Amino acid sequence: MSTPSTSSHASAAELRRSAQDHLWLHFTQMGDFRERPLPVIVGGDGCHLTDVDGKRYLDGLAGLFAVQIGYSHGEEIGEAAAAQMRELPFYTNWNYAHPRAIELAEEVASLAPDGFERVFFTSGGAESVESAWKIARQYHALNGERRWKAIGRDVAYHGTTMGALSITGVESIRNPFEPLVPQVSHVRNTDRFHRPEGETEEQFTAMLLDDMEHRILSEGPDTIAMIILEPVQNSGGAFTPPTGYFQGVRALCDEYGILFCADEVITGFGRLGDWFGSLKYDIRPDLITSAKGLSSAYASIGALLVSDRVAEPFYGAEQMFKHGITFGGHPVQAAIALKNIEIMKRLDVVGHVNREQDAFRKTLEPLLDLPIVGDLRGTGFFYALELVKDKDSKQGFSAAEGKDLLQHFLSDRLFDAGLICRADDRGEPVIQVSPPLVADQAIFDEMTGILGEVLTEATARVKGMPASGGDDLRAGNQSAQG
Ligand SMILES: Cc1ncc(COP(=O)(O)O)c(C=O)c1O
């Protein structure tokens, strides 16, 4: 276990005071920490984290769906970073290449679906999404068409920069910043739980594709640059695709000349038990966005993977993608990502997820016996539990109830009980569980034990609520994004 460090600060109290005075946390109600202590994480090992008071937590969220190899590889990755620092601490990918970016691009291309040979590096997920939309627009321009619009899905999260936020389908985080980049529309996501009883998988797929085609036609097919979808949508709670869905989207994109981008910022690099969700579901996109797991979040590096078809016009005489980021392909970050992939291969992390995913699901399944747990969905090491007020009617919670349950009760109680996971109310209320990809049965058991205990308490709390509810939950506040 690594030794927790409090750097130059003498005490937990001083660290917390300094954080309160100077460090602005992301998507965080900072005022809350006047009343309760701000969590300060100082160490990590395996799937666990340690806070400044010495308390241990199971990280059931892999540091925002990112730390594939867990927290024990700092030494080895640090050596790779230090070696790169000695060799070449920085150079840019604007006009110049350097060995680590070249090697990483080749490595990523070798793991990607066939026909993806080109990799454009970014500093994170939102930049990958921005880069995808921009390359889609310019690709069409190079082919003599003016297409600019994007289509995303309801409640999907794609990042917070203005372009990525415009594509994001979560109203409450869009509203404060409007007007956004215009002319993005959102279509139905693959939430199956709230569909009518008796609807078949085929009918569900047909309904979704019908909705998408209507949107394409109403927007004007020749104005749409890109459709962007996650293989499994995180926000709203691990919405998996019904059979035939992605093949249908591919067919619509082909019919109307639209580029198809798979946002694999979460699903890329093993989370679903394949290197990419596009491989698992045979999605055949034109673009793939990635970040988090590329380096197991040991570095802030992302990548846009570009299919040969899309890359082709940019490699013509006197052409360039008119887009760049100073830190894109940073040599130290590339060295870290390369070492991460080496470790993932050595430990056969992706094979491990593939082999253990059924055991993970089976361990979580008994939670469905709790009256408050309406649905368990997901795949790989990527699951969500949807919480309901009444299981038979699938009745949800009002905004006030959802806020009380998720923000005031569950988030705090889970954390107190030693489990970091996400109580999320961007759609219906869900608990998201997404551990490091090295998690084993002992970790599944620990996680499920804590969830069971806390959700049993939550059930008792819900019993005290009035029978009505579920009216305006979507307007509720957000907990952390990602
Ligand atoms: C699907 C998806 N796309 C994009 C992003 C944005 O990534 P980042 O926070 O690295 O900008 C996220 C973040 O969680 C995401 O889940």
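Both ligands and their constituent atoms are indexed starting at 1 by order of listing. Keep in mind that this is a model prediction, so the values were computed, not measured. Scope of the values below: all heavy atoms of this structure, side chains included, with no hydrogens, waters or symmetry mates.
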- request: Decide whether an N or O pair under 3.5 Å exists between Ala126 and ligand 1.
  value: yes
field: Arg250 and Asp286 ion-paired at < 4.0 Å
entry: yes
task: Give a yes or no on whether Phe327 atom CZ has more than 12 heavy-atom contacts from other residues, nucleotides or ligands under 6.0 Å away.
output: no
- prompt: Is Glu106 atom CD crowded by more than 12 heavy atoms from other residues, nucleotides or ligands, each under 6.0 Å away?
  reply: no
- prompt: Would you say Asp263 and ligand 1 have an N/O pair spaced under 3.5 Å apart?
  reply: yes
query: Is the gap between the ring centers of Tyr298 and His73 under 6.0 Å?
result: no
task: Give a yes or no on this: more than 12 heavy atoms of other residues, nucleotides or ligands lie within 6.0 Å of atom CD of Glu75.
output: no
message: Please report whether ligand 1 has a polar contact with Val265, defined as an N or O pair separated by less than 3.5 Å (distance criterion only).
response: no
message: Under 4.0 Å between a side-chain nitrogen and a carboxylate oxygen: does that hold for Glu342 and Lys345?
response: no
task: Report, in ascending order of atom number, the atoms of ligand 1 lying under 4.0 Å from any heavy atom of Ile266.
output: 16 (O)
message: For the residue pair Lys280 / Thr379, report whether a side-chain donor-acceptor contact shorter than 3.5 Å exists.
response: yes
field: ligand 1 contact on Ala291 by region, counting heavy-atom pairs under 4.0 Å
entry: neither
query: Which ligand 1 atoms does Lys292 reach within 4.0 Å, using its non-hydrogen atoms?
result: 13 (C), 14 (O)
- request: Answer side chain, backbone, both or neither: which part of Glu230 comes under 4.0 Å from ligand 1, heavy atoms only.
  value: side chain
Which of the ligand 1 atoms, numbered from 1, are nearer than 4.0 Å to a heavy atom of His158: 3 (N), 4 (C), 5 (C), 6 (C)
query: So which bit of Tyr157 gets within less than 4.0 Å of ligand 1, heavy atoms only: side chain, backbone, both or neither?
result: both
field: Heavy-atom donor-acceptor pair, Asp274 side chain to Phe276 backbone, under 3.5 Å
entry: no
- prompt: Near Gly125, which atoms of ligand 1 are under 4.0 Å from a heavy atom of that residue?
  reply: 6 (C), 7 (O), 8 (P), 10 (O), 11 (O)
- request: Measure the distances from the heavy atoms of Asn234 to every atom of ligand 1 and state whether one is below 4.0 angstrom.
  value: no
- prompt: Does ligand 1 have any atom that is closer than 4.0 Å to a heavy atom of Glu264?
  reply: no
